[in-house]
Amino acid sequence: MYTEDIWTQCVRWLEGELPDKDINTWIRPLHPVASRERLLLLAPNRIVLDRVKADFLAPIRRAVKASAGDEAPEVELAVGAAEQARAPDPEPTAPRKMSAPVSTSSIDEVPAAFTANLNPQFTLENFIEGKSNAHARAAAQHVVETPGAAYNPLLIYGQSGLGKTHLMHSVGNAVMRRTGRARIAYLGAEQWMNHMVMAIRHGRADEFRSFFRSVDALLIDDIQFFANKERTQEEFFHTFNALIDNRKQIVLTCDRYPKDVDGIDERLKSRFTWGLSVAVEPPELETRVAILLAKAEQNKVRLPEDVAFFVAQRIRSNVRDLEGALATLSATARLRGEPLTVEFARSTLKDRLAAYERMVTMDNIKRTVSTYYNIRLTDLSSPRRTRSLARPRQIAMALSKELTQHSLPEIGEAFGKDHTTVLHACRKVAELRHEDLKIREDYENLLRQLGY
Amino acid sequence: MKGQQLPLSVQLRESASFDTFYVGPNELAVNALRELGSAVLIYGALASGRTHLLQAVARERRCPYLPLQDLREMGPDALEGLDQSAVLCLDDLDAVSDDRDWSMALLRLLDARRSANKVTVLSANAAPDRANIALPDLRTRLTLCAVFGLKPLDDNDRETLLRERARARGLEMPVEVSAWLMKHLPRDAGSLLSALDQLDRAALSAKRRLTVPFVQTVLAQTQL
């Protein structure tokens, strides 16, 4: 009998013994690997292993006996990846660590895990370009053509869900295609840190260093997570320098401009911006429509343009939210067998859209702004003109103009002012957003808090 | 005095499958979970059937099911190595999403699974835009899912559910009994079904059929 069959039978037997919840949580994650005289069950992690060992080994042994009779193999447990065990060749293959029945994940896995994890679906070709991200895309294209040259490191920053990771993978994929067998490591900043900590603990810091210093390109996502991790920053600083010296490309992403991240060493901050730093902004309407249509085509969904327009007009914050809306729409349409129309979209996405529409009343803007600046709500509409009140008031007016459909006189009225004051406020804020970093950040934070 | 006869453990075990889920107003969510064309997130109030549905997916797809509430204290290492299973169910997201380390680990897991084309099924107590999530990045990952809110059952649905479940256990529940239960118990499906469990056991042990007085006695005993 084949391993999979034995195990399938065992699980069926156990289903009659153990509560569903235990089966689903502790038994189903196990992956069987067998040789003639033993059945090795691979647990995805220590926690599953320990629990199975403590509570379920006996019933599993009984189940094996019941399924395989006298020839029942010995049951052993180990931590390991199912995928390795399911190698392409049909020979019964050994898992990573046959010798030690209980293995923990180790530094050996680093190269395999981080050089083969580029997502091939993310390419420059399928990155939808718009005004908001054209600069970043062009920079990525440039890096692909001349990796390790002028734009090193390439730093892409902006809020979540705007395509930073997509661009980063695109660079990795394109470099891979160009050079054939390049070693490209992609990982999140905190994964880098975890592996460093683990390497140090197991006395393998040198291997860790030499691995990361020998890659052809290093892609690190979300470097804001390096904040306040001094030891990690120190280590990364050296890796960074080594790679730059060897003209290996580094690509980084961050959720804001690195200079604005607290808790990162100044030397490192300045290095992050040595090469080229490009921002990705939230996409404007046309780009959002284009993104929706492209995703729909990719997923073979027939999305009429007016529906795409309807959705894009209402979901403004980020690309993932757009994709999520599309997924909900297409699943619902398919299950109900109804065509995708604007009316259908309106009713299906009611909850999702309400989240946006709920946010953007003037009251809500006033409340959000007064909380943000720690002033009283009434101060926003008071006639007092001290700078500490006037700025927040102007910002609240500008937000009201941008986010609601109210007329300028209406906005003025809400703040006890006339419409020329509103107009002045909007111009002033637009100007300040260009010149004053603090105001720009405040404005963006407020937009985010309001759901944009 | 002779003690009451203890029932043997011969009750039919109610397993959490799609067959035993009372669909009612939630046909859409249930169909999405059966089909699993993409990542799905279902949300709903307490006792709206989230766990039942995720267990049903785990059972049907023979995939791992992680009750995050129970795993919270073990730390996010509990998510390690789960990027490979073709389908994965993560229940009670809200139990861990306020924690940064958990959110981070979830974010990486979801990204890894997405890029490997693996389907993840999640449940939470609120839609992603209203949930309490420590990392904005995780929130945007969640909005990527096809999101379905579970609608609460109305009283008619609940009474039907109660009677259907009773019948599935081979227990005849007269209309006046279900009506009485609806009037006197908390009306969420969880409370009703646990009362049913109790009644089933009591009826078996006392060899009685379900009548209003019998039900009153049984439930009064346990509420003392």
Output, in order, the C-alpha distance, side-chain angles, deciding distance and verdict of side-chain contact (heavy atoms from CB on, under 4.5 Å) for B/Arg59 and A/Arg28. CA-CA 9 Å; B/Arg59 189 185 162 89; A/Arg28 299 216 198 274; 4.2 Å; yes

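Within the model, atoms CG of B/Asp111 and CG of A/Asp221 stand 7.5 Å from one another, a figure rounded to the nearest 0.5 Å. One finds the CZ atom of A/Arg46 at 13.5 Å from the CE atom of B/Met74 (value rounded to the nearest 0.5 Å). One finds the CZ atom of A/Phe225 at 4.5 Å from the CG atom of B/Leu135 (value rounded to the nearest 0.5 Å). One finds the CG atom of A/Leu42 at 12.0 Å from the CD atom of B/Gln84 (value rounded to the nearest 0.5 Å).
Contacts between B/Leu79 and chain A at a heavy-atom distance below 4.5 Å involve the backbone alone (N, CA, C, O). The contact between A/Asp222 and chain B is made entirely by side chain atoms (from C-beta outward), counting heavy-atom distances below 4.5 Å. For B/Ala32, the parts lying near chain A are the backbone and the side chain together; criterion is any non-hydrogen pair under 4.5 Å. Only the side chain of B/Asn117 comes within contact range of chain A, with at least one heavy atom under 4.5 Å from a heavy atom of that chain. The parts of B/Arg62 that come within reach of chain A are both its backbone and its side chain, each placing non-hydrogen atoms under 4.5 angstrom from that chain. The contact between B/Asp70 and chain A is made entirely by side chain atoms (from C-beta outward), counting heavy-atom distances below 4.5 Å. In this structure, chain B has no heavy atom under 4.5 Å from any part of A/Val319. For chain A, the nearby part of B/Leu71 is the side chain; its heavy atoms alone come within less than 4.5 Å.
Applying the salt bridge (Lys or Arg N to Asp or Glu O under 4.0 Å) test to every pair with at least one member in residues 82-93 of chain B, sequence neighbours left out, gives these pairs: B/Arg50-B/Asp92. Residue pairs satisfying the ring pair (Phe, Tyr, Trp, His ring centres under 6.0 Å) criterion with at least one member in residues 29-74 of chain B, sequence neighbours excluded, are listed as follows: B/Phe21-B/His52.
In this structure, A/Glu190 pairs ionically with B/Arg108, as a charged nitrogen and a carboxylate oxygen lie closer than 4.0 Å.
Using non-hydrogen atoms only and a strict 4.5 Å limit, the part of residues 139-147 of chain B facing chain A consists of B/Thr140, B/Arg141, B/Thr143, B/Leu144, B/Cys145, B/Ala146, B/Val147.
The two residues B/Ser38 and A/Ala327 come nearest to each other via the heavy atoms OG-CB, 4.4 Å. Of all heavy-atom pairs between B/Leu82 and A/Pro29, the closest is CD2-CB, 4.4 Å.
Under the side-chain hydrogen bond (donor to acceptor under 3.5 Å, both in side chains) rule, B/Gln55 has a single partner from A/Asn24, A/Asp20, A/Thr25, which is A/Asn24.
Under the side chain to side chain donor-acceptor pair (under 3.5 Å) criterion, A/Arg334 pairs with B/Glu35, sequence neighbours left out.
Between A/Lys21 and B/Pro67, some side-chain heavy-atom pair lies under the 4.5 Å cut-off.
Remark: B/Arg100 CZ is loosely packed, at most 12 non-hydrogen atoms of other residues, nucleotides or ligands lying under 6.0 Å away. Atom CD of A/Gln121 sits in a crowded spot, with more than 12 heavy atoms from other residues, nucleotides or ligands closer than 6.0 Å.
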